[in-house]
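Because the structure is a prediction, the values reported are computed rather than measured. Naming convention: chains lettered A, B, ... in sequence-line order (proteins, then strands); numbering from 1 in each chain.
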Amino acid sequence: AQSVTQLDSHVSVSEGTPVLLRCNYSSSYSPSLFWYVQHPNKGLQLLLKYTSAATLVKGINGFEAEFKKSETSFHLTKPSAHMSDAAEYFCVVSDRQTGANNLFFGTGTRLTVIP
Amino acid sequence: ETGVTQSPTHLIKTRGQQVTLRCSSQSGHNTVSWYQQALGQGPQFIFQYYREEENGRGNFPPRFSGLQFPNYSSELNVNALELDDSALYLCASRWAASGQETQYFGPGTRLLVL
């Protein structure tokens with residue numbers, strides 16, 4: 001079975017400081033992993049995805065994530081937070097077992113950026 | 001913009017009623033999935049349609065049903081609405097080809113059941 005655990009429900013950082021959002025996954029198969037961002041009253045936007053290529057994945061808006069199989073982790077980082085980064089972030093694993101590629105979402109991490 | 005649209009944006013229904021939510025996928029996307037996002041939670045997979053047939057379902061009862069049409073539009077129907085059905089409903093579309101796993105989400109329909 002596929003699942004993800006987001007270790008922090010809320011993260012608060014100052015503008016210009018690094019961002020770390022933590023995610024651990026569980027998968028019986030080689031997983032596909034994603035990070036999505038959800039701004040208030042807007043749809044989910046894909047930040048980046050890992051699909052068994054390079055373990056360090058670069059995404060949009062300066063975000064990146066590293067797939068660590070030994071730690072079953074896929075943490076999201078950004079060197080310097082901007083006010084516009086304040087949003088809800090979801091770590092997601094794809095169900096490749098059935099071939100349907102259904103997505104399993106974590107419970108989300110709300111990022112607050114302090115001016 | 002993902003090219004996926006949903007209607008209506010907001011909807012209020014009463015318990016026991018039926019509701020139909022609509023989604024228009026990106027042109028060429030042959031797969032559409034529906035998700036329910038309760039307040040403060042991550043989205044949960046309801047079901048997926050591929051070439052107009054359901055080919056995957058999450059832990060949702062049969063009163064949740066769907067349709068997919070050849071013109072890249074789709075519907076989510078919920079019968080006998082319950083208070084717990086109040087949520088944001090998201091559709092996502094993709095092209096089901098090798099390596100094409102990225103799903104593109106619409107902005108959602110917020111349903112309130114009173």
Quick one: do B:Leu83 and B:Leu111 end up in the same hydrophobic cluster if we chain Ile, Leu, Val, Met, Phe, Trp and Tyr together by side-chain heavy atoms under 4.5 Å apart?
yes
May I ask whether B:Tyr49 and B:Val19 are part of the same hydrophobic cluster, defined by side-chain heavy atoms of I, L, V, M, F, W, Y residues being less than 4.5 angstrom apart, directly or through others?
yes
Which of the residues B:Pro43, B:Pro107, B:Gly106 is involved in the greatest number of heavy-atom pairs with chain A at under 4.5 angstrom?
B:Pro43
Heavy-atom count around B:Leu114 CG within 6.0 Å, excluding the residue itself: above 12?
yes
Side chain, backbone, both or neither: which part of A:Gln45 has a non-hydrogen atom closer than 4.5 Å to chain B?
neither
Taking a hydrophobic cluster as the set of Ile, Leu, Val, Met, Phe, Trp and Tyr residues connected by side-chain heavy atoms closer than 4.5 Å, whether directly or through intermediates, do B:Phe105 and B:Val32 fall within one such cluster?
no
Flag the one option from B:Gly108, B:Gly42, B:Gly40 with the top tally of heavy-atom pairs under 4.5 Å to chain A.
B:Gly42
Determine whether the aromatic ring centres of residues B:Tyr35 and A:Phe105 are separated by less than 6.0 angstrom.
yes
More than 12 heavy atoms of other residues, nucleotides or ligands under 6.0 Å from CD of B:Gln44: yes or no?
no
Among residues 58-68 of chain B, which ones touch chain A with a heavy-atom distance under 4.5 Å?
none
Say you draw a straight line from CD of B:Gln37 to CZ of A:Phe90; how long is it, rounded to the nearest 0.5 Å?
4.5 Å
With a 4.5 angstrom heavy-atom cut-off, is it the side chain or the backbone of A:Leu44 that approaches chain B, or both, or neither?
both
Report yes or no: do B:Tyr104 and B:Leu21 belong to one cluster of Ile/Leu/Val/Met/Phe/Trp/Tyr joined by side chain heavy-atom distances under 4.5 Å?
no
Interatomic distance, CG@B:Leu90 vs CG@A:Leu103, rounded to 0.5 Å, equals 11.0 Å
Should A:Leu21 and A:Tyr50 be counted in the same cluster of Ile, Leu, Val, Met, Phe, Trp and Tyr side chains packed under 4.5 Å apart?
yes
